[in-house]
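Notes follow once the structure below has been shown.
Proteins come first, then strands; the chains are lettered A, B, ... in the order of their sequence lines, and each starts at number 1.
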Amino acid sequence: GGDEDGTTLRVLAAASLAGPFEELAEEFERTHDGVEVELSSGGSTDLVAQVREGAPADVLATADTATMDVAVADGLTDGAPRTIATNVLQLAVPPGNPAGVTGLADLDGPADPSADVALVVCAPEVPCGAAAQRVARAAGVELSPVSEERSVSDVLGKVVSGEADAGLVYVTDVRAAGDAVEGIVLPEAAEAVNRYPVAALADSAEPDLAQEFLDLVLGDLGRQVLRDAGFGPPEPPS
Amino acid sequence: MTPGVPRWLLAPAALGAAFVLLPLVAIVVRVPWGDFGELVTSEASREALLLSLRTSATSTVLCVLLGVPMAAVLARTSFPGRAVVRSLVLLPLVLPPVVGGLALLYTFGRRGLLGETLEVLGVQVAFSTAAVVLAQTFVALPFLVLSLEGSLRTAGERYELVAATLGARPTTVFRRVTLPLVLPGLLSGAVLAFARALGEFGATVTFAGSLEGVTRTMPTQIYLLRETDADGAVALSLLLVVVAVLVIGLATRGRAADRGLA
Amino acid sequence: MTPGVPRWLLAPAALGAAFVLLPLVAIVVRVPWGDFGELVTSEASREALLLSLRTSATSTVLCVLLGVPMAAVLARTSFPGRAVVRSLVLLPLVLPPVVGGLALLYTFGRRGLLGETLEVLGVQVAFSTAAVVLAQTFVALPFLVLSLEGSLRTAGERYELVAATLGARPTTVFRRVTLPLVLPGLLSGAVLAFARALGEFGATVTFAGSLEGVTRTMPTQIYLLRETDADGAVALSLLLVVVAVLVIGLATRGRAADRGLA
Amino acid sequence: MTLLLEATVADRGVDVALEVAAGETVALLGPNGAGKSTVLAVAAGLLQPDTGTVRLDDHELTGRRVVPPHARRTALLAQDPLLFPHLTALDNVAFGPRSAGVRRRAARDRARRWLSEVGAADLAGRRPGELSGGQAQRVAVARALAAEPRLLLLDEPMAALDVAVTPALRQTLRRVLEGRTTVVVTHDVLDALLLADRVVVLDRGRVVEQGPAAEVLARPRSPFAARIAGLNLVAGRWSGGAVRSDAGRAVAGTPSGPALREGDPAVAVFRPRAVSVFRDAPGGSPRTALAVVVTHLEPHGDQVRVRAGDLAADVTAHAAAELDLAPGTPVTFSVKATEVDVYAR
Amino acid sequence: MTLLLEATVADRGVDVALEVAAGETVALLGPNGAGKSTVLAVAAGLLQPDTGTVRLDDHELTGRRVVPPHARRTALLAQDPLLFPHLTALDNVAFGPRSAGVRRRAARDRARRWLSEVGAADLAGRRPGELSGGQAQRVAVARALAAEPRLLLLDEPMAALDVAVTPALRQTLRRVLEGRTTVVVTHDVLDALLLADRVVVLDRGRVVEQGPAAEVLARPRSPFAARIAGLNLVAGRWSGGAVRSDAGRAVAGTPSGPALREGDPAVAVFRPRAVSVFRDAPGGSPRTALAVVVTHLEPHGDQVRVRAGDLAADVTAHAAAELDLAPGTPVTFSVKATEVDVYAR
Ligand SMILES: Nc1ncnc2c1ncn2[C@@H]1O[C@H](COP(=O)(O)OP(=O)(O)OP(=O)(O)O)[C@@H](O)[C@H]1O
Ligand SMILES: Nc1ncnc2c1ncn2[C@@H]1O[C@H](COP(=O)(O)OP(=O)(O)OP(=O)(O)O)[C@@H](O)[C@H]1O
Ligand SMILES: [Mg+2]
Ligand SMILES: [Mg+2]
């Protein structure tokens, strides 16, 4: 990136945050003359690995606290991470809900390949999978998915294509998918709230600008934009 | 007596080799050797590895069964639109694997082009091991076709023509002359296809999903592990690589050398 | 006069072609043609496409520069451990691309094997366009090497030996005999490499990141778009595919046909 | 099997009509590039002629439905041995029978027989890569013969063979070709005389002469046939008791065959032995004296063959020495009219 | 350039020592598979001998540091033309000069000259795929000659050439090889006589005979040399005024050269013309009568050559008809002792 004719602020954001952050970056550029925000998005794990290996970056926003904790433990961050938004799971079903799913209770049962309802979830290794397990425990059901995906978009893809009858994804994902899926609110979802942390980075070349960007995200405008995208407030009513 | 190569070629060749091999060394250095044994012998890894080997072998066979005829037709016949078909066959190469997986979903999925037909036949492809094989075959087929077609062209048609004048029917010519002559090319094509199938990830995840023992191949397992344990994922990759080298090494052992003049 | 192929081969060939082409049709059917124009002409798409073409072209050149010598050394010399080197060169094929990206990070990254050396030299590779090129070259190089090596073996050494007896030094032999003879093989190898580089995604995101205009290639853009707009991602893939077919079609136009007996 | 071939191949400048009766062996003669291999390729179905027909007995092989090579039951021995590199010599020879449906064992037995016919029995287990040039040629001959085709096409079957095996192989071929429809390309007059019933001489893609082998080679009408038969030939018009060529040569001779009228196209043919060589133009009885320049000398049996362009004279070594002949020497070739055979072109 | 070559190649059963003096042309004769091409490959550096040395003048080419083919300044015309398929005939011929550093234009001029030397000037622009067999061979000859090497190795340069061009090309070679160190493999006695100073006869990988060309071909000591020279040869021991072979043949003759003692290994050599053929064993003056069975008959000039295994007799066509000769006829070959040349083996 060229900062010959100005200052560049590099922001690494989880893919699920890419939309809102783009909006915020534009706003930031508008209010900061000569500053260009370069937004780079990807999987949280990838982003942390990139920072560790020396990717030039000023701000990091991940999709869960676990990956951010890794960054903190590696001393990559400058100051404690702050939560900017939360997210909860919903059941996504194809339009019209062909399998007639109403809630987690319909998905109870042992693994059965010929099950009439094909459920897809995230693998337990990834945050949304861990959340799914917690939600299922809270509901007292045993899930037997036909596939344990690596990412939310993989889960959503299966539902959108109609391959799966239901998938456990975040409410923001349901919102982003538009008409492609329908969301079913889960009462048990509050048991597993996902938090999105953001932090300035230790190696930042522009610590002041980074701080200003954090302020923007954490400020009213930030909240507004994130809420519009379907995210919950940083401190959900418990 | 081999004619050898110009001396100066060794420099870029070594550079190229280093470029490919250094990252491997880097991986080896990073692997947490202490946990290595445990990691690679874990139930999940074993299952994934076995599944990968099984599906990759099956897709390689499929690639050979479909790809050899395709290469032969491309190299030995001419029909209008041959050039177009040839470029289209390249497509799975260019298609980002995830999109390839989507394309397969759109074709073989429940709501895909062939979905209803398949459903009537009682075949359910998605989320099954068969889907893994399909995804791997889709991405690996072009390698076999292209490299074999190249070999067929280089080998030329003279021996086939001679065989025909000796009364050999096209099938006999194909079986007793064409195939034996391009065996090295077929072999390296199959190796390419097998390697590509073994490393396939994107299309598999998108099209087949990821369930231990059914659709979770080694690369998928590596991705998952990487979320929690990057070094572990690297170690597992190393295992995959070693297994691949062993399989390929065994398969291509004793390739005949060609001879010189006089 | 071509000898043709046995009639029955057409069936599996057609099946294979259908298997590759149907998913493509499925994509075309699914593309939201209404938004297509806007989507593919958007600033982001244009930048990504240009970056992809630029980097893929550069990596193809790199692949040729490094791969031709490697193939020549593998096919025309014998040294202890040749077979091992040969299998190792295959590795980037098997390595899941993301792991390949990690391996590159471990090598060229700040904390990598060469990191310090590079830092002293003032070179920062990772997360730059150069990193994209490196990642693409890493995954594409084996294709060129393997398919060219196959061609070199099939072509044999007889003409090279004749050239040597006519007083041609190895360099002359290489330039005036070897290369022209395997030109079709080199061309299809380069096409394979270009296609693979163009579709490369996993290693790029990991090693180079995803920064618009700098490292966000078309596949990365497609991947990102897919998070929010799967159909749009598919449309973009179609663009990538069309561009690839055009580029490859132009590059391989007018490949010479070989001739028969008498 | 009667072969009837009429074909033009424009880009090779070939336009040939050829007929081979059932059981007949035709020798195809002609200079390099005359179109001999092209004719064989057309007959074998490897080359589609631009226009023309190929007919075996009453089966039309070209035209609307082209009969592919394998269904023609022809076997072609090409100019290049082209042994299958992945098969042993034995399996190469067994390839034809195997393709015709013979069981492996029987095919191998037959192959072994053919290999010994060509003196290559001991090479059965070798791969083509391990054979010398002549050995490969012998195996290729055996392979073509073992296919037992209805039409056999042989392109220089004796090429690369040593003098010790040639006569024996020629006898073998003579026996094998007996009663089999065959076209054999050769540059050797002995092959033509011993193997062929008829010879066809090609030049620049056209048939310039054909007829029974012995007759054509004894009374050639084309320069190339004369050359291969080792005879001198001067072509021109019959005028005043001599054949006068466009280049102004006049050779007096004795017409034979159908009577010649003044101005008829005719050839004068005479043996090199009948030619005497003088440093100066001689007087005396021989009516023909051709002023030529020696181009080279060759031993020829006990004699020395003095070549002067396309004419040749055989003289004793003693005479050659006495005349102090060397390339470049201007001499006179003289031949008695009684030694010159003249007949219509 | 003196070539000294001593080499064994175990898997081809070749063990040869060969010396070629500077400027000398040696003809390498021998049956198929004798090892001729192998010797050329060793000299050219294409084949590493198992043991032995190759020396050009005083430069050791094998041994500790093997000199690679391109640095030997030899040119090899292999048995196969192997023209570079991607270059025109002209550029094929220009390849050698270009490799030696000659500029493209000059190299092409030189190539054009060589192409016309071999009668292929009009083929300059053609690709090898568009040449006939003999045309390709001519271009290959031109290519080898154009390289102007210190040592020229020609493997059957006249193969596939038509009778019209052979004499002229032979003269060209004769002129070109003058003063150039050359080894030429041939199956043709004329090549040996006209081109070579010396001939070396190989058989089964060994040198069985060598000497000045005219001498070896006039007084051969090996069966193959006799065969190529068109002479009959019976090898055995000198005993009682005749050469007696192991097979029990006895040929009476007149010893020449160094005196022979009883029991010395010797050969009896006689021309086919000197042999008379009888249906029954004759009485009378000729001391030698060999009972043989006719294997085949060939025309030979005006006569008929009667072959009986490795022996041959030339008789008139009239006599052949009168004797009712045919393959399988038992006859007696008879030769006068004065016609038989006997000398030490
Ligand atoms: N593939 C080709 N394309 C175009 N022209 C060709 C091709 N092959 C041969 N020719 C030309 O066609 C003519 C006839 O060639 P052909 O091979 O039939 O000659 P030939 O009589 O067999 O000669 P030879 O005695 O040298 O083998 C020649 O002038 C040759 O140059
Ligand atoms: N690559 C090889 N490997 C093993 N043996 C070989 C190889 N090439 C040739 N030979 C054998 O070595 C011997 C010598 O072969 P070479 O080619 O030198 O014979 P040649 O004298 O040139 O015969 P020709 O007159 O048939 O060309 C033969 O017996 C042949 O079968
Ligand atoms: Mg020919
Ligand atoms: Mg040889």
Side-chain angles (χ1 to χ4, degrees), chain D residues 11-12 29-38 78-80 119-120 123 130-135 137-138 155-156 159-168 170-171 174-175 187-190 193-194 214 217 223-224 227-228 230 271 273 295-302 305 307 310 312 327, chain E residues 11-12 29-38 78-80 119-120 123 130-135 137-138 155-156 159-168 170-171 174-175 187-190 193-194 214 217 223-224 227-228 230 271 273 295-302 305 307 310 312 327:
Chain D
D11 68 344
R12 304 197 186 178
L29 310 179
N32 292 139
K36 306 180 295 296
S37 301
T38 302
Q79 221 164 343
D80 225 342
L123 304 175
E130 301 163 358
L131 295 177
S132 78
Q135 291 168 341
Q137 177 66 17
R138 290 190 216 177
D155 207 341
E156 303 195 27
L161 297 190
D162 67 43
V163 287
V165 77
T166 315
R170 203 175 274 131
Q171 291 306 316
R174 192 183 160 89
R175 182 159 45 74
H187 289 302
D188 189 327
V189 63
L190 262 188
L193 279 173
L194 278 177
L217 292 168
F224 188 82
R227 195 82 187 225
I228 212 171
R271 293 179 305 150
R273 272 212 207 180
T295 49
H296 45 269
L297 303 169
E298 285 170 12
H300 188 77
D302 306 330
R305 174 155 291 183
R307 288 194 182 271
D310 52 352
Chain E
D11 69 344
R12 305 198 184 178
L29 310 179
N32 292 139
K36 307 181 293 297
S37 301
T38 302
Q79 221 164 343
D80 224 342
L123 304 174
E130 302 163 357
L131 295 177
S132 78
Q135 290 168 340
Q137 177 67 17
R138 292 191 215 176
D155 206 341
E156 304 194 26
L161 296 191
D162 68 44
V163 289
V165 76
T166 316
R170 203 176 273 131
Q171 291 306 315
R174 195 183 157 88
R175 181 161 43 73
H187 289 301
D188 189 326
V189 63
L190 263 189
L193 279 174
L194 278 177
L217 292 167
F224 188 83
R227 195 82 189 227
I228 213 170
R271 293 179 307 149
R273 270 208 207 186
T295 49
H296 44 271
L297 303 169
E298 284 172 11
H300 188 78
D302 306 330
R305 175 156 291 184
R307 288 194 185 271
D310 53 349

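Ranked by heavy-atom pairs under 4.5 Å with chain E, the list D:L161, D:L297, D:D162 is led by D:D162. Looking only at heavy-atom pairs under 4.5 Å with chain D, the residue among E:G33, E:P327, E:G230 that has the most is E:G33. For the set E:A34, E:G30, E:A160, the entry with the most heavy-atom pairs within less than 4.5 Å of chain D is E:A160. Between chain E and the residues D:G133, D:G35, D:P223, the largest count of heavy-atom pairs under 4.5 Å involves D:G133. No other option in D:A168, D:P167, D:G119 has as many heavy-atom pairs under 4.5 Å with chain E as D:P167.
Scanning for side-chain hydrogen bond (donor to acceptor under 3.5 Å, both in side chains) contacts around D:H300 gives D:R305, with sequence neighbours left out. The side-chain hydrogen bond (donor to acceptor under 3.5 Å, both in side chains) check on D:Q79 picks up D:S37, D:E156, with sequence neighbours excluded.
Heavy atoms closer than 4.5 Å to chain D are found nowhere in E:R174, neither backbone nor side chain. If you measure heavy-atom distances from E:A159 to chain D, you find no contacts under 4.5 Å at all. Heavy atoms of E:V165 lying under 4.5 Å from chain D belong exclusively to its side chain. Looking at E:I228, both its backbone and its side chain come within 4.5 Å of chain D, counting heavy atoms on both sides.
Side chains of E:P299 and D:L194 form a contact here, defined as non-hydrogen atoms less than 4.5 Å apart. The closest side-chain heavy-atom distance from E:L29 to D:V163 is not below 4.5 Å. Between D:L190 and D:R170 the shortest side-chain heavy-atom distance falls below 4.5 Å.
The structure places CG of E:N32 at 9.0 Å from CD of D:Q137, a figure rounded to the nearest 0.5 Å.
Judged by distance alone, the side chain of E:R307 and the main-chain N or O of E:E298 form no donor-acceptor pair under 3.5 Å.
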